[in-house]
Amino acid sequence: MSTESTHKMDFIREIVAEDIASGKHATIVTRFPPEPNGFLHIGHAKALCISFGVAQDVNAGRLGEGKATARTHLRMDDTNPVKEEKRYIDAIHADVKWLGFDWGEHEYYASDYFEQLVAWAELLIGAGKAYVDDQTGDEIRATRGTLTEPGKASPFRDRTPEENLDLFARMKAGEFADGSRVLRAKIDMAAPNMNLRDPVMYRVLHAVHPHAGDKWCVYPMYDYAHGQSDWIEGITHSLCSLEFEAHRPLYDWFVDAIMDAGGHPRLPAPGAPVTDELRKDRPRQIEFARLNLTYTVMSKRRLLALVNDKHVAGWDDPRMPTLSAMRRRGYPAEAIREFADGIGLSKRNQTIDLARLEFHVREHLNKSAERRMAVLDPLKVVITNYPDDTVEHMDAINNPEDEGAGTRKVPFSKVLYIEREDFMEDPPKKFFRLGPGREVRLRYAYFVTCTDVIKDAAGNIVELHCTYDPATKGGDAPDGRKVKGTLHWVSAAHALDAEVRLYDTLFTQENPDDVEEGKSWTDQINPDSLKTITAKVEPAMKTAKAGTTVQFERTGYFCVDPDTEDGPLIVNRTVTLKDSWGKQQGK
RNA sequence: AGGCCCGUAGUUCAAUUGGCAGAACGCCUGAUUCUGGUUCAGGAGGUUCCAGGUUCGAUUCCUGGCGGGCCUGCCA
């Protein structure tokens, strides 16, 4: 009995399980094929979790009852040098690793297959299934037809294989200018699927490639390169998003056409026949719905625009949905994986509530993040009956969810800061915090009672006077009396200043595309998505290293920003704590 | 308009392949709590897109509608 029955299944895992059960595959190979033209985002995390997750499930015996092994390749889908850059390749490596996936030695580049791809293209030309077209881009577009009308054949469609071979060789040799000629597959100009109306296989591009250098003047299109790259690597299940559904017939057409012409990546010897057995050795493309999140955009084009138009500080600005941004913001990789695994897999377009991602972030951080006290909006408090020069070091628990995290000392003295919103001069009954004559607990310290409210000439509250009860040291009253509220605080003399970056959603609408006539998604950008303040934090934060996330009690989780390395403490708010009081106030 | 794909709580997914429609997140209530956090207990929320048909019985099968998505780059 396998654990399969108890494990979460989806339509892709069912297909893989069947393919193992039927003996179709003894080795399952999946792949993650990013184009290095931007940074990976949370949508890629979903794809990563699916392709790596399927392989992990196979290896763990959860899929296919241990009758197969599996691996996952990382492949740069680098067929368009004008958009791709080395720095994106580096960022992809870092992000995939950070998320927790290991491709081992299986790192590949589509550009490493260009030689083979060209050889197969020549095979197709020889078989009369591809031709060089001298039409301009505009002409090709104009003759492609529409959704309801068939296209028109190119005047160059019936060139001889010899002529095509010669022309293609000269394209490769760099004899022709960019855009002057393309190699097209000869399929069907009347096909209802537009992708089959003689799609372009190669274009002339005199561009330096980030991986292949200046070796090539022709570059293959996605449709011609992707399926064949899968095939070369022995990918069994090529998992991609829904918009490639209409490309699947073409994906299969190229494989069939190459085999019909005598090609196969695993021919035992040059010129050997493509046997029925070899014919079964081919990849299968399966599509699933890509991830959308509320209050953000996910397309790389738009993310690039946000960066280029300076709406954010960069690809790793913590407001971005990129993995590098989430890392910088303090989202744990494990939370992102749990999120991705939990949202399900289907063919329906999905938009997930941001709240669901935040749930996983809080769930993980609640268990792992140490607690600290920090006052974001300081209000001075003087404990009038506390000795002037005394400092006490209070014991504070680092993480109530993790006993192993231990305790620390927090200095307490006569002058403190508390949160401005923790005091109300005329509080309603449900307000459990400080008010004139009210007693509250200062966490890990004493019960205090507010005796005086000091205001400036304009009537603004600038200071509070309180008395403390020495018998309540540590936070408990020996007489058993209770207080409704517990406040966080810092000692003014010991507090550190910290720059705190408070983030809100990058867009004001759940769906940034939901706009009135004449407006665009960029009009929905939230002008208050970043607020920078200076907070007072307890001295234990002095040693906090970049990348560590702590919980500031009662306010939220905060991650030390890498900018801290060369200056004062800077923290990013990862996510707020759930706030039933604030919610109640909001309505 | 032509082709392909998809319609189940607010959202994302289940429903042992024809047998009493469930879960998670979100929302609401209560208990607990030295974080208005956590934890625990409970609640609201469904014409399974619609209409026919087959069947003792349909979310599931059939037919026809309706709604949504994708496709007319020398992007991926």
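Quick note on labels: first sequence line is chain A, next is B, and so on, each numbered from 1. Remember, it's a predicted structure, so these values are computed and weren't measured experimentally. Basis for what follows: all heavy atoms, side chains included, without hydrogens, waters or symmetry-related copies.
A:Thr136 has no side-chain polar atom (N or O) that falls below the 4.0 Å cut-off from OP1 or OP2 of B:rC74. Dashed line: the shortest gap from a side-chain N or O of A:Thr351 to OP1 or OP2 of B:rU11 is not under 4.0 Å. Side-chain nitrogen and oxygen atoms of A:Lys347 include none within less than 4.0 Å of the OP1 or OP2 phosphate oxygen of B:rC70. Here A:Ser580 reaches the OP1 or OP2 of B:rG37: one of its side-chain N or O atoms lies under 4.0 Å away. One finds a side-chain N or O of A:Arg144 lying less than 4.0 angstrom from the OP1 or OP2 phosphate oxygen of B:rG73. For A:Arg290 and B:rG69, the shortest distance from a side-chain N or O to OP1 or OP2 is not below 4.0 Å. An OP1 or OP2 oxygen of B:rC4 is reached within less than 4.0 angstrom by no side-chain nitrogen or oxygen of A:Arg248.
Cation-pi check for A:Arg181 over A:Phe176 is met; the charged atom lies under 6.0 angstrom from the ring centroid and within 45 degrees of its normal. Cation-pi geometry between A:Arg302 and A:Trp521 is met: the NZ or CZ atom falls under 6.0 Å from the ring centre, inside 45° of the normal.
Rounding to whole angstrom units, CG of residue A:Asn195 and P of B:rC75 are separated by 14 Å. Between the CD atom of A:Glu287 and the P atom of B:rA76 there is a distance of 18 Å, given to the nearest Å. Atom-to-atom, CZ of A:Phe558 to C1' of B:rG37 comes out at 13 Å; the value is rounded to the nearest Å.
Residue contacts for A:Ile343: at a heavy-atom cut-off of 4.0 Å it reaches the sugar-phosphate backbone alone, with no base atom in range. A:Phe244 comes within contact range of at least one nucleobase, with a heavy-atom separation under 4.0 Å. Within 4.0 Å (heavy atoms only), A:Asp476 reaches at least one base atom of the nucleic acid.
For a distance-only test at 3.5 Å, the side chain of A:Gln551 qualifies as a donor-acceptor partner of the base of B:rU35. Taking only distance into account, the side chain of A:Arg433 meets the base of B:rG36 through a donor-acceptor pair shorter than 3.5 Å. At a cut-off of 3.5 angstrom, counting only N and O atoms as typed in the model, there is a donor on one side and an acceptor on the other between the side-chain of A:Glu401 and the base of B:rG37. On a pure distance criterion of 3.5 Å, a polar donor-acceptor pair joins the side chain of A:Arg371 and the base of B:rU35. Counting distance only, with no hydrogens placed and no angle test, the side-chain atoms of A:His360 and the base atoms of B:rA24 include no donor-acceptor pair under 3.5 Å.
For A:Leu147, the side-chain atoms get nearest to B:rA1 when compared with the rest of B:rC75, B:rA1, B:rU35. For A:Ile352, taking side-chain heavy atoms from C-beta onward, the closest of the listed nucleotides B:rU12, B:rG37, B:rC13 is B:rU12.
Only the C1' atoms considered, B:rG37 is 22 Å distant from B:rG43, to the nearest whole Å. With both ends at atom C1', the span from B:rU38 to B:rU32 equals 10 Å, rounded to whole Å. Here, B:rC6 and B:rC13 have their C1' atoms 14 Å apart, quoted to the whole Å. Distance check on atom C1': B:rC71 versus B:rC50 gives 28 Å, rounded to whole Å. Spacing of C1' atoms, B:rC4 relative to B:rU11, comes out at 27 Å, to the nearest Å. Rounded to whole Å, the separation between the C1' atoms of B:rU72 and B:rG2 comes to 11 Å.
Both geometric conditions, a ring-centre gap below 5.5 Å and a plane tilt below 30°, are fulfilled for A:Trp581 over the base of B:rG36. The side-chain ring of A:Phe432 is stacked on the base of B:rG36, judged by centre separation under 5.5 angstrom and plane angle under 30 degrees.
Base-pair partner of B:rG2: B:rC71 (Watson-Crick or G-U wobble, both distances under 3.5 Å).
Residue-to-nucleotide proximity on RNA chain B shows that, of A:Phe11 and A:Arg356, the 5′-proximal contact is made by A:Phe11. Nucleotides of RNA chain B nearest to A:Tyr202 and A:Lys430 differ in position, and the one nearer the 5' end is that of A:Lys430.
Between A:Trp231 and A:Phe254, the gap from one ring centroid to the other reaches at least 6.0 Å. Ring centers of A:Phe288 and A:Phe244: at least 6.0 Å apart, outside the cut-off.
Classified by interplanar angle (parallel below 30°, tilted 30° to 60°, perpendicular above 60°), the ring pair A:Phe39/A:Trp315 is parallel. A perpendicular orientation is assigned to the rings of A:Phe114 and A:Tyr219, their planes being inclined by more than 60° (bins at 30° and 60°).
A donor-acceptor pair under 3.5 Å is formed between the side chain of A:Thr505 and the backbone N or O of A:Phe507.
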